[in-house]
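Here the structure is a predicted model, which means the values were calculated and not measured. Lettering follows sequence order; numbering is per chain, from 1.
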2 protein chains.
Amino acid sequence: MSRTERSADAVRAAARLAKVAGTALVEADLTLPQYRVLVFLDAGERPASHVAALLGVAPSTVTAAVDGLVARGLVERRADPADRRKVVLALTTAGRGALRRGDDVVAARLDRLLGFLEVDEAETVLVGLAHLNRAMERSLAERFGPPAGDPGP
Amino acid sequence: MSRTERSADAVRAAARLAKVAGTALVEADLTLPQYRVLVFLDAGERPASHVAALLGVAPSTVTAAVDGLVARGLVERRADPADRRKVVLALTTAGRGALRRGDDVVAARLDRLLGFLEVDEAETVLVGLAHLNRAMERSLAERFGPPAGDPGP
DNA sequence: TATTGTTATACTCTATAACTATA
DNA sequence: TATAGTTATAGAGTATAACAATA
């Protein structure tokens with residue numbers, strides 16, 4: 001696979017995946033950034049600064065996304081007793097429900113898309129995406145500890 | 001891999017890939033939609049309506065992206081003699097050069113990212129992205145013929 | 001002084017709707 | 001009438017900068 005093809009494939013896939021997922025999430029009343037925050041908080045509560053850094057967006061972007069989630073009771077903002085500058089974000093029970101509905105609509109749309117491939121090709125896509133995320137998490141280095149509430153390995 | 005993990009992986013990967021590619025493309029003085037148009041036109045010239053449909057964006061989005069490319073002499077707008085409503089978009093020589101520079105900066109950034117993985121894992125990522133694009137192209141059905149100037153199979 | 005988060009503001013990408021010109 | 005493309009406009013997502021509170 002040439003250098004050119006790799007770049008073109010990556011950009012095409014990213015744009016298309018984002019579009020497909022964003023369209024699907026409308027059915028779950030979630031925007032793409034809101035779903036990303038929910039996914040992230042599912043692993044455990046986190047201060048907003050960690051969410052921003054690990055999602056790779058500006059702090060103000062997290063504020064905007066979370067505002068909508070808090071208004072609908074899907075996420076809670078709690079003061080951190082140890083450092084009162086920090087706002088800890090945590091999923092509510094309703095938030096977990098919303099996340100599952102988001103998972104479902106995206107997975108359904110993804111399944112439909114992968115239906116155009118052979119079974120082993122579809123598997124390669126899913127494994128490849130998982131590897132890609134692992135690479136991105138590693139590239140963020142270990143600047144942040146495990147989330148609170150994470151039982152650990 | 002659970003349904004939940006698949007959805008979360010897809011959305012995370014899409015957002016991260018788009019960000020990484022967009023940041024890299026700044027070095028090549030291209031925006032993400034401009035690069036997508038260049039990639040598309042590299043296969044052959046096409047009327048703007050085909051570009052919009054196959055990229056999955058509105059016609060006005062193509063107009064906006066192409067305006068910048070035309071201003072810099074990277075893409076030409078030609079009237080279609082057979083149907084004078086149509087505007088055929090074609091890469092110029094300078095456009096091909098800009099596309100190659102875009103390929104290079106994205107590929108370099110992608111290589112750096114995949115360096116966090118084992119060689120076979122990185123290969124799975126690239127093959128997976130290629131399969132994913134194939135699935136998306138198939139899902140668009142065969143509503144459009146091959147691009148002009150395409151030698152074909 | 002440095003950090004956390006919010007607010008204010010602007011820019012980019014995208015879509016919808018109205019319009020022009022062709023068919 | 002229907003289609004191709006542009007223009008005008010609006011909305012979402014994002015970033016930067018200024019600010020308030022806390023460390």
Side-chain angles (χ1 to χ4, degrees), chain A residues 11-12 14-23 25-26 29-38 41 45-71 75-90 143-144, chain B residues 11-12 14-23 25-26 29-38 41 45-71 75-90 143-144:
Chain A
V11 168
R12 269 198 288 236
R16 278 304 211 171
L17 261 187
K19 172 119 182 163
V20 155
T23 302
L25 284 170
V26 170
D29 275 310
L30 291 171
T31 66
L32 214 40
Q34 285 175 341
Y35 177 74
R36 291 186 74 202
V37 169
L38 293 180
L41 294 180
E45 57 188 48
R46 286 284 208 165
S49 55
H50 287 203
V51 177
L54 291 162
L55 253 46
V57 299
S60 59
T61 300
V62 173
T63 299
V66 169
D67 279 349
L69 295 170
V70 169
V75 166
E76 264 183 2
R77 280 187 170 109
R78 293 195 296 89
D80 181 341
D83 183 343
R84 285 165 47 217
R85 289 172 304 182
K86 290 189 181 167
V87 171
V88 175
L89 303 176
R143 280 173 299 174
F144 302 93
Chain B
V11 168
R12 268 198 288 236
R16 277 305 209 172
L17 261 186
K19 172 115 182 167
V20 155
T23 302
L25 284 170
V26 170
D29 275 309
L30 291 171
T31 65
L32 213 41
Q34 284 175 340
Y35 177 73
R36 291 186 74 201
V37 169
L38 293 181
L41 294 181
E45 58 189 47
R46 286 283 208 164
S49 53
H50 287 204
V51 177
L54 291 162
L55 252 46
V57 298
S60 58
T61 300
V62 174
T63 299
V66 169
D67 279 350
L69 296 171
V70 169
V75 166
E76 263 184 1
R77 281 188 170 110
R78 292 195 296 90
D80 181 341
D83 182 345
R84 284 165 48 215
R85 290 172 305 182
K86 290 188 180 167
V87 172
V88 175
L89 302 176
R143 281 174 296 175
F144 302 92

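- In this entry the distance linking CZ of A:R36 with P of D:dG13 reads 12 Å, nearest Å.
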For residues 80-88 of chain A, tabulate all N or O donor-acceptor pairs below 3.5 Å that involve a side-chain atom, not counting sequence neighbours.
| residue | atom | partner | partner atom | Å |
| --- | --- | --- | --- | --- |
| A:D80 | OD1 | A:A82 | N | 2.8 |
| A:D83 | OD1 | A:R85 | N | 3.1 |
| A:D83 | OD1 | A:R85 | NE | 3.2 |
| A:D83 | OD2 | A:R85 | NH2 | 3.0 |

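- Residue contacts shown for A:G68 are absent, as no nucleic acid heavy atom lies under 4.0 Å away.
- Under the 4.5 Å side-chain criterion, counting only non-hydrogen atoms from C-beta, B:L89 is in contact with B:V62.
- Contact annotation: A:K19 does not reach the phosphate of C:dC13 (side-chain N/O to OP1 or OP2, under 4.0 Å).
- Between A:L38 and A:V75 the shortest side-chain heavy-atom distance falls below 4.5 Å.
- Nucleotide D:dG5 holds its C1' atom 13 Å from the NE2 atom of B:H50, rounded to whole Å.
- Two residues, A:T31 and A:R84, neighbour DNA chain D, and the one matched to the more 5' nucleotide by heavy-atom proximity is A:T31.
- Proximity of B:T61 to the phosphate of C:dA15: a side-chain N or O atom is located under 4.0 Å from OP1 or OP2.
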Would you list the protein and nucleotides 7-10 of chain D atom pairs, both N or O, that sit under 3.5 Å from each other?
none

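- Taking atom CG of residue B:L25 and atom P of nucleotide C:dT12, one finds them 15 Å apart after rounding to whole Å.
- The CG-P distance, from A:L32 to C:dA15, rounds to 14 Å in whole Å.
- Remark: P of C:dT12 and CG of B:L69 are 15 Å apart, rounded to the nearest angstrom.
- DNA chain D is contacted by both A:R85 and A:V57; A:V57 maps to the nucleotide lying nearer its 5′ end (nearest heavy atom per residue).
- Annotation: salt bridge (Lys or Arg N to Asp or Glu O under 4.0 Å) contacts of A:R36 (sequence neighbours excluded): none.
- A:A58 comes within 4.0 angstrom of a nucleotide base, judged by non-hydrogen atoms across all strands.
- The CG-P distance, from B:L30 to C:dT12, rounds to 15 Å in whole Å.
- C:dC11 atom P lies 17 Å from atom CD of B:Q34, rounded to whole Å.
- For the side-chain hydrogen bond (donor to acceptor under 3.5 Å, both in side chains) condition, no pair includes a residue of residues 51-66 of chain A, sequence neighbours left out.
- For DNA chain D, the residues of residues 76-83 of chain A within the heavy-atom distance limit of 4.0 Å (strictly under) are A:D83, sorted by number.
- By the salt bridge (Lys or Arg N to Asp or Glu O under 4.0 Å) test, A:D29 is found to be paired with no residue, residues two or more places apart in sequence or in another chain being considered.
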